[in-house]
Amino acid sequence: MEPSLPFYILATLSVFSALMVVLSRKPVHSVLYLIFCFFTIGCHYLLLNAQFLFAVHIIVYTGAIMVLFLFSIMFINMNKESEPHKNTLIKIAAGVLAGLLFLVLLEATKGAETLGPPSPNESYSTVANLGKVLYGQYLLPFEIISIMLLSAMVGAVMLGKKSVD
Amino acid sequence: MNALIVIACLGIAAMMSEVLGFKKLLLPLVAIGLISVVGLFVMDWNTSIRYYHDMLYFDNYAIAFSAMVTVLTALWLIMSKEYFISTTSKAEHAALILFCLTGAIVMISYSDLSMLFIGIEILSISLYVLAASNKHDLRSNEAGLKYFLMGAFATGFLLFGITLIYGASGSFNLQEIANYLSKNSEHLPMFVYAGVLLMLVGLLFKVSAAPFHFWAPDVYEGSPTLVTAFMSTIVKTAAFAAFYRLFATCFSDLSGWWGETLAIVAALTMLVGNVLAVMQQNFKRMLAYSSIAHAGYMLMAIVAMNHISAGAIFLYTSAYSIASLGAFACLHALGANDNEKIINLRGFIAKQPFNAGLLCLAMLSLAGIPPLAGFFAKYYLFYGVIQSGYLWLVLVAVLSSLIGVYYYFRVIYTMFLPREEEDGVLPKISGGHKILLTIVAILSLLMGIFPGILQGIL
């Protein structure tokens, strides 16, 4: 399947906004670009006919997490002085390493176009089908993930509450 | 599977104990629960059942490792009684430890990559909190935050790897991925290799292997000693069980491709861990580096990947974990008031000869001196690696073991030195710590004299 025109528009927008997250000087701008980036990625799900994923992505990432992010960034005092000075050598080394990883991944995904995206006509991602898979084949992971959420919650309460002494 | 449900319910019960008012019964309840869980595992032996659409697969390998981590947790509980009494949030601590154990068993017995991810996350999230559980200690806070940030970063790599492999094979199931890889071994897309590489990076981080080990000393040193003991024994055993299972069932067909890389990582881990451990003056930090070095030895079993490696890695993780628990019990009992220096052990043998002798046994087992468990574990491991043709790796391992002997013996040597004025009073080891030390010494001797009991079952 050939990628359509909307795909190219969305892809350009998401790459642009992802770059702006890193390049913009003000942290608040970065967060706003990140929200935009998540939104465009959500639209990619829509192109792949995954409406449920689209809705969840918008609600969870763009809605909940990014608002939290924005709040916490506004709370933190981000002055120039408070930022620790990084060693230039470490900066260069990190840049080279990240670039190499990027090259490896770029090269690796080259063969992926032969596989092609799943056909958008299938109704595989409707909420009904998703529910069947989640409560059928993936019942155990679905249930056991509650332990993970529980431990995160217990941990948050434990670290957050005032000790008696 | 029943055992897993029992542990998860035990964790929830522990969490509710404060509200429902049976906090006093908590420790006996957990102890009885863990013992019955071991019993459930023994009953499942040789059944090899796949549960819930092949999400978990309790074959003998999974049962042996799950029973081992449960026994280790029970042993760990013997010395950590005061952790559940003197702290304010003991119900939460107990619950988090049990959730950790749940995660460990999930990641040992997974048969589906989604379960691997969930298991690792249950384990890690509980550990991040436990690492930071000493709220008034700045180092503990740093340990928790560092562990959390680095762990989340590594999880990203792991997830990306899982995604790429799913993209190629269309399945999360270990068996189906293995079938796909062997069927299309001629023309695999490049991103399968990238996926294996990224999963390798994520897992190497979790077991603190050499280029990804920088978090480990700080986290191990900063966390409360009991949590460090938990991390470097139970968590390490579970992580290696998961690591070995993934590479043995899933990626064994690609072993020509990742074998050399992993061999170099193993050699590097052993050398870095042992050489840096020599320079440490702090007992806890030394044990942290020694735990990195032992991770290198365990990686060798994954490199070797032949019919005896499963038994070898099982014997090695148990021998290492048991001896390590002994060392940490001593450190915890003697290291009151944050006195974790090695020289704090001066005069130990003159004041408490029996306890010092037991610590000696644990140290000798870690160093790999016959007739203790550590020696035979190393012997089986090296034997398997030679059979797979990695002679140079065994040479590096022997060399780094010799370096290891130096710093383990320095601890023993320090115990013989006379105690100085400025050292203060050496705390008396008694109660749970003494019981644990005795059990550790007996088990190390038993496993050394009859290594077949553990090695033969896998």
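Here is how names work: the chains are called A, B, and so on, in the same order as the sequence lines, proteins then strands, and each is numbered from 1.
Under a cut-off of 6.0 angstrom, the local environment of CG in A/Leu23 is crowded, with over 12 non-hydrogen atoms contributed by other residues, nucleotides or ligands. Heavy-atom contacts from other residues, nucleotides or ligands closer than 6.0 Å to OH of B/Tyr51 number more than 12.
Considering all non-hydrogen atoms of both residues, A/Leu159 and B/Lys135 come closest at O-CD, 3.5 Å. Heavy atoms only, all atoms of each residue included: A/Met158 and B/Val129 are closest at CE-CG1, 3.9 Å.
Side-chain contact between B/Met1 and A/Leu140 is present, with heavy atoms from C-beta onward closer than 4.5 Å.
Residue contact with chain A, scored on non-hydrogen atoms closer than 4.5 Å, involves the side chain of B/Phe157 exclusively. B/Tyr52 touches chain A through backbone and side chain together, each having a heavy atom under 4.5 Å away. With a 4.5 angstrom heavy-atom cutoff, B/Leu123 does not touch chain A via any of its atoms. When heavy atoms are compared at a cutoff of 4.5 Å, B/Leu198 approaches chain A solely by way of its side chain, counted from C-beta outward. Neither the backbone nor the side chain of B/Ser124 comes within less than 4.5 Å of any heavy atom of chain A. Contacts between B/Val192 and chain A at a heavy-atom distance below 4.5 Å are absent for every atom of the residue. Contact annotation for B/Leu130: neither backbone nor side-chain heavy atoms come within less than 4.5 Å of a heavy atom of chain A.
Taking A/Tyr45 as the reference, A/His57 meet the ring pair (Phe, Tyr, Trp, His ring centres under 6.0 Å) condition, with sequence neighbours excluded. By the ring pair (Phe, Tyr, Trp, His ring centres under 6.0 Å) test, B/Phe214 is found to be paired with no residue, residues two or more places apart in sequence or in another chain being considered. Contacts of B/Asn173 classified as side chain to side chain donor-acceptor pair (under 3.5 Å), with partners at least two apart in sequence or in another chain: B/Asp54.
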Please lay out, stage by stage, how A/Lys161 and B/Glu92 fare under the test side-chain contact (heavy atoms from CB on, under 4.5 Å). CA-CA 12 Å; A/Lys161 86 175 174 192; B/Glu92 286 92 335; 3.0 Å; yes
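Summarising the geometry, atom NE2 belonging to B/His53 is positioned 10.5 Å from atom OH belonging to A/Tyr138; distances are rounded to the nearest 0.5 Å. Note that CG of A/Leu105 is 5.0 Å distant from CZ of B/Phe160, once rounded to the nearest 0.5 Å.
For residues 141-151 of chain A, heavy-atom neighbours of chain B at less than 4.5 Å comprise A/Pro141, A/Ile144, A/Ile145, A/Ile147, A/Met148, A/Leu150, A/Ser151, sorted by residue number.
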